[in-house]
Participant: 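Handing you this structure, nothing more for now.
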Amino acid sequence: MTEHGSATTPTPPENGSRPVDRRAGLLMGRPFGIPVYVTPSWIVIAVIITVLYEPVVERTLVLGAFSYVVAFVFAVLLYASVLVHELAHSVVARLYGLPVRRITLYMLGGVSEIEREAPTARQEFWVAFSGPLLSLVLAGLGFMAYGLVDPFTIAGVLLWQLWVANLLVGLFNLLPGLPLDGGRLVRAAVWQVPRRPTTGTVVAAWGGRLLAAVVVTLPFLFAWWQQTSPSVFAVLWGVLLAAFIWMGAGSSLRTARIRERIPRLSARLLARRPVVVAADTPLAEARRRMAETDAGAILVVDTAGTPTSIVNEDAAQAVPDARRPWVPVSSVARAITSGSVIGADLAGEGLLGELRRHPVPDYLLVEQDGSVYGVLRVTDVEAAFSR
C-alpha cells in the first residue's frame, strides 16, 4: 500500500545540510536527491512475508532451508517495487516544482511526503496517477519477462510473484478513496468542477471511509460465500488496512480544514505592536511600559534607534519577579538576523514559506520602505491554525 501526502506545518524543507531525522527511520539513500527512510516496522512485515511465502517456494522448487532466502529476496524486491512507485510520485511532484521532504517505507508500504499541495487539479492528477501507472507498467514488463523464463526456477518464481504484486499494488492504489492514490484522482476530478480543492478532498475522504468499511467486512463476506469461518489472519489484516485507510481519510479532512485557513493568514493581522527600549533597560521597566502602552512585544534598539533584538517572551516569563528590576532586556532577547526580518505584507502560502525557510520564534515585520511595522510570533501563527 502506498500513499503520498503534504506537510502543512511551517517546517523547513529537508536538504543535504539538514541533520538526519532519526524518527523517520534508517536513511537508505537519496535517489534523485530524495531521502529514502526505512522504518523498523518494515523488518516485521519482511519476516511475515518470508514465513508466509517460504512454503510456496519450497513446494515449487524444493530448495530446503534455502527457500527462506528466496522468500526474503521476494520481500526485498516487493518493497523495491513500492519504492519505485513512490519515486514516481516524488519525481513528478518535483517536475511541477513541489518540494519533497522524504520517502518513508514502513509496514504497510510507503509514503511520499510532499511539502505543498499541487496548485491545480491537473497537476494533482498526474502526481497521484504516476505511482499506479508505473506499478502497472512494471507488472506488464514482469509478465512479459515471466513468459521468457522457466517457471520452475528461482527467477521464474520471483518474476511471477513480482508482476502479480505490482498489479495488485497498482490496482489497489486506484481504489477511489483517500489516502490512496485513487482518492487523489477523485479529489482532482471533483476539484476541477467547482474549482475548490477542499470540496474534492471532502468527497475523496468520505470515499476512503466508505472503502475502509468495505475492507473490514471483506473477510466475513468471503467466508460466508465459501461457507466457512473467516480466517483470523484475514480478519486482522482487514482491520489493519481498514484502520489505516480510515485514519488517513480523517487526516486528509483535517488537513483540508487547515489549508482552507492558510489564505486567511496575514502577517499584518497577526502582528503585535512592540514597545521600543534600549538594551540596558531593566526587564521590569520594559514590561511596565509594554502594559502601559498595551503593546504585545518588546523590541530592543541601539543608540541609533536600529532594532537589534526581540525579547523572548518565554525567557522573560522565566525570570522571577524579584529579579526583573535587575535583569536587562538584552539578556532575555534574541538577536535579529536577516532571516528573522520579513515583509509585513506577507500572507497565506508566502508567509508560511518564509517561516519554513528561517524558523525562529519571533520575526520583525517591516514595511517596503524598511520601517518597523510590528513583531510576529510563531505561537500566534499556530494559534491562528487552531482557531
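Values below: all heavy atoms of this structure, side chains included; hydrogens, waters and symmetry mates excluded.
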Participant: Please find the pair of heavy atoms, one from W191 and one from P119, that lie closest to each other, and give the distance.
Facilitator: CZ2-O, 3.5 Å

Participant: Supply the atom-to-atom distance L364 CG to S309 OG, rounded to the nearest 0.5 angstrom.
Facilitator: 10.5 Å

Participant: Mind telling me whether W163 and F143 have parallel, tilted or perpendicular rings, with 30° and 60° as the class edges?
Facilitator: perpendicular

Participant: Nearest 0.5 angstrom please: S371 OG to L365 CG, how far?
Facilitator: 11.0 Å

Participant: On the 0 to 90° scale, with breaks at 30° and 60°, tag the F244-Y106 ring pair as parallel, tilted or perpendicular.
Facilitator: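 Geometry flag for Y106 against F244: tilted rings.
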
Participant: Would you say R289's side chain and A295's backbone share a donor-acceptor pair under 3.5 angstrom?
Facilitator: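 Checked: no pair found.
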
Participant: For Q226, does the CD atom sit with more than 12 other heavy atoms under 6.0 Å from it, leaving out its own atoms?
Facilitator: yes

Participant: Consider only side-chain heavy atoms of I, L, V, M, F, W and Y, link residues closer than 4.5 Å, and tell whether V82 and F72 are in one cluster.
Facilitator: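 V82 and F72: one cluster.
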
Participant: Between Q161 and V56, is there a side-chain heavy-atom distance shorter than 4.5 Å?
Facilitator: yes

Participant: Please report the shortest heavy-atom distance between S81 and L162, naming the atom on each side.
Facilitator: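 Result for this residue pair: OG-CD2, 3.8 Å.
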
Participant: What closest approach, in Å, do N166 and S135 show between heavy atoms, and which atom pair accounts for it?
Facilitator: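 Nearest pair, atom of N166 first, then S135: CB-O, 3.4 Å.
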
Participant: Does a side-chain heavy-atom distance below 4.5 Å link V378 with P361?
Facilitator: no

Participant: Using the rule that two of Ile, Leu, Val, Met, Phe, Trp, Tyr join whenever any of their side-chain heavy atoms come within less than 4.5 Å, decide whether V360 and V381 are in one cluster.
Facilitator: yes

Participant: Kindly indicate, with the supporting measurements, whether the criterion side chain to side chain contact (heavy atoms under 4.5 Å, CB included) is fulfilled by Y373 and D345.
Facilitator: CA-CA 10 Å; Y373 178 80; D345 292 328; over 6 Å; no

Participant: Quick one, H85 and P132 - any side-chain contact, counting heavy atoms below 4.5 Å?
Facilitator: yes

Participant: Is T306 reaching over with its side chain to a backbone N or O of D302, donor-acceptor style, under 3.5 angstrom?
Facilitator: no

Participant: How far does CG of L95 sit from OG of S130, to the nearest 0.5 angstrom?
Facilitator: 9.5 Å

Participant: State whether the side chain of T104 and the backbone N or O of Y37 hold a donor-acceptor pair below 3.5 Å, judged by distance alone.
Facilitator: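 Answer holds: no.
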
Participant: Side chain to side chain contact (heavy atoms under 4.5 Å, CB included), that's the test. Do D314 and V332 meet it? Break it down for me.
Facilitator: CA-CA 9 Å; D314 291 336; V332 289; over 6 Å; no

Participant: State, with a plain yes or no, whether a side-chain heavy atom of M107 is found less than 4.5 Å away from one of T39.
Facilitator: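 The answer is no, as the side chains (C-beta and beyond) never meet within the 4.5 Å cut-off.
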
Participant: Checking the side chain of E113 only, and the main-chain atoms of R102 only, is there a donor and an acceptor separated by less than 3.5 Å?
Facilitator: no

Participant: Within the structure provided, determine whether I245 and P179 are in side-chain contact (heavy-atom separation under 4.5 Å).
Facilitator: yes

Participant: Give a yes or no answer on whether the side chain of S252 reaches the backbone of G248 with a donor-acceptor pair at less than 3.5 Å.
Facilitator: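 Flag set: sc S252 to bb G248 pair under 3.5 Å.
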
Participant: Counting only N and O atoms by type, is there a donor-acceptor contact under 3.5 Å from the side chain of T308 to the main-chain atoms of V300?
Facilitator: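 Yes, because the side chain of T308 sits within donor-acceptor range (under 3.5 Å) of the backbone of V300.
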
Participant: For a quick test of reading the model, state the closest non-hydrogen atom pair linking A322 to P325 and the distance between them.
Facilitator: O-CD, 3.6 Å

Participant: Which distance, rounded to the nearest 0.5 Å, do you find between the CZ of R264 and the CG of L270?
Facilitator: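 Separation between the atoms: 12.0 Å.
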
Participant: Output yes when R184 and D181 qualify as a salt bridge under the 4.0 Å nitrogen-oxygen rule, no when they do not.
Facilitator: no

Participant: Kindly say whether G64 contributes a backbone atom to a donor-acceptor pair with the side chain of E58 at under 3.5 angstrom?
Facilitator: yes

Participant: Looking at A315, is its backbone amide N or carbonyl O close enough to the side chain of N312 to form a donor-acceptor pair, meaning the two atoms are under 3.5 Å apart?
Facilitator: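 The answer is yes, because a donor-acceptor pair under 3.5 Å joins these two groups.
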
Participant: Identify whether the distance between the nearest side-chain nitrogen and carboxylate oxygen of R334 and D362 falls below 4.0 Å.
Facilitator: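 No, R334 and D362 are not salt-bridged.
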
Participant: For the hydrophobic clusters of this structure (ILVMFWY residues joined by side-chain heavy atoms under 4.5 Å, transitively), does one cluster hold both V375 and L351?
Facilitator: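 The answer is no; the residues belong to distinct hydrophobic clusters.
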
Participant: Quick one: does Y363's side chain have a donor or acceptor within less than 3.5 Å of a partner on G339's backbone?
Facilitator: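 Judged by distance alone, no pair lies under 3.5 Å.
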
Participant: Once you round to the nearest 0.5 Å, how far does CG of L346 lie from CG of L376?
Facilitator: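 It comes to 9.5 Å.
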
Participant: Going by the angle between their ring planes, with limits at 30° and 60°, are F222 and W225 parallel, tilted or perpendicular?
Facilitator: tilted

Participant: Give a yes or no answer on whether the side chain of R94 reaches the backbone of F32 with a donor-acceptor pair at less than 3.5 Å.
Facilitator: yes

Participant: Would you find more than 12 non-hydrogen atoms of other residues, nucleotides or ligands less than 6.0 Å from R288 atom CZ?
Facilitator: yes

Participant: Looking only at heavy atoms, what is the nearest atom pair of T281 and A286, with distance?
Facilitator: CG2-N, 4.0 Å

Participant: Using side chain to side chain contact (heavy atoms under 4.5 Å, CB included), reason through E117 and Q123 one step at a time and then give a plain yes or no.
Facilitator: CA-CA 9 Å; E117 294 282 359; Q123 291 183 10; over 6 Å; no

Participant: Are R272 and E313 ion-paired here, with the side-chain N under 4.0 Å from a carboxylate O?
Facilitator: no

Participant: Closest approach of L158 and V70, non-hydrogen atoms and distance?
Facilitator: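 Closest pair (atom of L158, atom of V70, distance): CD2-O, 3.8 Å.
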
Participant: So do the side chains of P31 and V36 get within less than 4.5 Å of each other, counting heavy atoms only?
Facilitator: yes

Participant: Honestly curious: do V215 and W224 fall in one hydrophobic cluster under the side-chain, below-4.5 Å linking rule?
Facilitator: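 No, separate clusters.
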
Participant: Are there over 12 heavy-atom neighbours, none belonging to Y68, within less than 6.0 Å of that residue's OH?
Facilitator: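 It does not: Y68 OH has 12 such atoms or fewer within range.
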
Participant: Is the shortest side-chain heavy-atom distance between L63 and I154 below 4.5 Å?
Facilitator: yes

Participant: Side chain to side chain contact (heavy atoms under 4.5 Å, CB included) between L299 and I336: does it pass, once the steps are laid out?
Facilitator: CA-CA 10 Å; L299 181 63; I336 296 173; 3.9 Å; yes

Participant: Answer yes if F125 and V203 sit in the same cluster of Ile, Leu, Val, Met, Phe, Trp and Tyr residues linked by side chain heavy atoms under 4.5 Å apart, and no otherwise.
Facilitator: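 Cluster IDs for F125 and V203 differ.
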
Participant: When you measure from the centre of the six-membered ring of W206, is the NZ or CZ of R209 under 6.0 Å away and within 45° of the axis?
Facilitator: yes

Participant: Tell me, with the steps shown, if R116 and E349 meet salt bridge (charged side-chain N to carboxylate O under 4.0 Å, His left out).
Facilitator: CA-CA 9 Å; R116 291 201 309 268; E349 288 285 1; 5.4 Å; no

Participant: With heavy-atom distances below 4.5 Å as the criterion, would you say the side chains of L180 and L211 are in contact?
Facilitator: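 The answer is yes, as the side chains (C-beta and beyond) meet within the 4.5 Å cut-off.
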
Participant: Taking atom CZ of R122 as the centre, does the number of heavy atoms from other residues, nucleotides or ligands within less than 6.0 Å exceed 12?
Facilitator: no

Participant: To the nearest 0.5 angstrom, please state how far the CZ atom of F129 sits from the NE2 atom of H89.
Facilitator: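 Between F129 CZ and H89 NE2, I get 11.0 Å after rounding to 0.5 Å.
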
